[in-house]
There are 2 protein chains.
Amino acid sequence: MSTCKNHKISIDEALKKAEIICNKKGVKLTKLRQKVLTLILKNHGYVKAYDLLNDLKKNDASAKPPTVYRSLDFLMEHGFIHKIQSLNAFVGCSHPDEHEDCYFLICKECKNIEECCSNTVKKVLTSTSGKNNFSPNQVTLEITGICQDCS
Amino acid sequence: MSTCKNHKISIDEALKKAEIICNKKGVKLTKLRQKVLTLILKNHGYVKAYDLLNDLKKNDASAKPPTVYRSLDFLMEHGFIHKIQSLNAFVGCSHPDEHEDCYFLICKECKNIEECCSNTVKKVLTSTSGKNNFSPNQVTLEITGICQDCS
DNA sequence: AACTATTATGTTATATTATAACATTCATTT
DNA sequence: AAATGAATGTTATAATATAACATAATAGTT
Ligand SMILES: [Zn+2]
Ligand SMILES: [Zn+2]
Ligand SMILES: [Zn+2]
Ligand SMILES: [Zn+2]
């Protein structure tokens with residue numbers, strides 16, 4: 001694990017941003033959801049659901065799988081975190097409210113995950129889908145490899 | 001489920017092709033592996049591991065999770081099937097031995113999965129990764145939406 | 001053929017990931 | 001305060017996947 005690239009935004013800033021977005025949407029960033037989001041953001045790489053659960057249990061022994069999965073669902077639904085399908089893991093979103101069609105660069109060495117957006121990628125995917133007469137809805141794009149710091 | 005697009009190649013042809021590739025590589029397409037591959041190819045959409053297990057049990061009551069997961073591992077390793085990460089499911093490869101950096105168009109209506117290759121997509125992904133100084137190794141690209149037949 | 005090494009399969013057990021279903025609590029509105 | 005709906009608590013279980021060790025089949029080697 002090398003230097004921290006993902007923490008351009010501090011956890012506090014990210015929480016405030018999330019709070020604002022929730023207010024706009026009329027949904028609630030409850031204490032529990034804040035806690036889960038914080039635990040995810042604290043991690044520079046990805047986090048597994050049951051690791052989160054164990055973290056939660058440190059403060060509240062009664063935490064159980066639904067406790068964490070419900071928060072994860074909420075946080076995903078509103079774009080504060082993303083699920084990495086190829087790892088069954090979760091990462092904080094580096095830019096909620098802005099993003100659309102992001103993709104992930106996953107370093108298998110340091111486990112860091114870089115969230116990226118690219119209009120070029122988006123266009124190519126849309127046009128390729130179009131050639132297949134396919135109307136895309138949701139794109140899962142996860143690229144595993146070696147990051148700069150680890151090469 | 002609409003017309004069958006994936007069966008441009010018959011199951012028999014696919015099995016023969018797999019056999020040839022295995023011979024070239026000096027690995028064995030055992031009865032069990034053939035059986036599992038056949039079960040996957042019979043399905044036009046995707047298949048779940050435990051559904052496969054149930055299918056296997058019809059002929060051999062002693063089949064157990066490792067029975068199917070080992071075969072799946074073998075078939076994936078040699079490119080005869082692919083895992084769809086966003087579904088925890090498996091599909092037959094429409095063109096083993098040729099492909100590299102394929103992606104999948106997953107219709108959420110008819111559950112059909114179209115495997116595609118595109119040099120354009122590949123190039124864009126490589127170059128975008130490059131801009132991030134990232135050396136890609138393995139790409140997971142799964143596009144969910146509505147296929148032509150279902151739109 | 002007997003021996004050996006390797007690969008594949010069988011078997012038992014368990015780990016990991018995720019959801020269903022119902023009860024209770026909390027916040028908001030009336 | 002009562003009613004409503006949202007969130008959380010709780011119990012149970014479903015779904016996905018692997019570890020570890022035992023046995024069997026296969027392919028070379030003597
Ligand atoms: Zn994001
Ligand atoms: Zn790295
Ligand atoms: Zn393929
Ligand atoms: Zn369809």
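Within every chain, numbering begins at 1; the chains are lettered A, B, ... in the order of the sequence lines, protein sequences first and strands thereafter.
- Of the residues near DNA chain C, B:T30 and A:F90, the one whose nearest nucleotide (by heavy atom distance) lies more toward the 5' end is B:T30.
- Put simply, CG on B:D51 is 15 Å from P on D:dA14, counting in whole angstrom units.
- The side chain of A:Y69 contributes an N or O atom lying less than 4.0 Å from OP1 or OP2 of C:dA18.
- For B:K64, the side-chain atoms get nearest to C:dT11 when compared with the rest of C:dT11, D:dT10, D:dA7.
- Contact annotation: B:K48 does not reach the phosphate of D:dA15 (side-chain N/O to OP1 or OP2, under 4.0 Å).
- At a threshold of 4.0 Å, the pair B:D73-B:R70 does not count as salt-bridged, since none of the basic side-chain nitrogens sits closer than that to a carboxylate oxygen.
- Looking at heavy-atom distances under 4.0 Å, B:R33 makes contact with sugar-phosphate atoms alone, never a base.
- How far CG of A:N43 is from CG of A:L39: 8.5 Å, rounded to the nearest 0.5 Å.
- Checking B:P66 against B:N88, the closest nucleotide of DNA chain C that is more toward the 5' end is the one next to B:P66.
- The interatomic distance linking B:L87 (CG) with D:dA17 (C1') rounds to 17 Å, in whole Å.
- In this model, a side-chain donor or acceptor of A:Y50 finds a partner on the base of C:dA18 within 3.5 Å.
- Each of D:dA17, C:dG10, D:dT10 was ranked by its minimum atom distance to the side chain of A:T67; first place goes to D:dT10.
- Results of the ring-ring contact (aromatic ring centres under 6.0 Å, His included) test with A:H82 over A:Y46, A:F104, A:Y103 single out A:F104 as the only residue that passes.
- Atom CG of B:L32 and atom P of D:dT23 are 20 Å apart (whole Å).
- Side-chain contact check for A:I113 versus A:I84: some heavy-atom pair is nearer than 4.5 Å.
- Rounded to whole Å, atom P of D:dA6 lies 12 Å from atom NE2 of A:H78.
- With DNA chain D read from its 5' end, the first of the two nearest nucleotides for A:F74 and A:P65 is the one closest to A:F74.
- Among the protein residues, A:K31 comes within range of no part of the nucleic acid, since none of its heavy atoms lies under 4.0 Å from any strand.
- Rounded to an integer number of Å, the gap from A:L29 CG to D:dA6 C1' is 15 Å.
- Following rounding to the nearest Å, A:K25 (NZ) and D:dA6 (C1') show an atom-to-atom distance of 17 Å.
- For B:K28, taking side-chain heavy atoms from C-beta onward, the closest of the listed nucleotides C:dT19, D:dA27, D:dT8 is D:dA27.
- To the nearest angstrom, P of D:dA25 lies 15 Å from CZ of B:R70.
- Computed from coordinates, the B:I84 CD1 to D:dA17 C1' distance equals 18 Å when rounded to whole Å.
- Contact check for B:S127 versus B:K123: no side-chain heavy atoms found under the 4.5 Å cut-off.
- Between A:K83 and C:dA18, a side-chain N or O to OP1/OP2 separation shorter than 4.0 Å is present.
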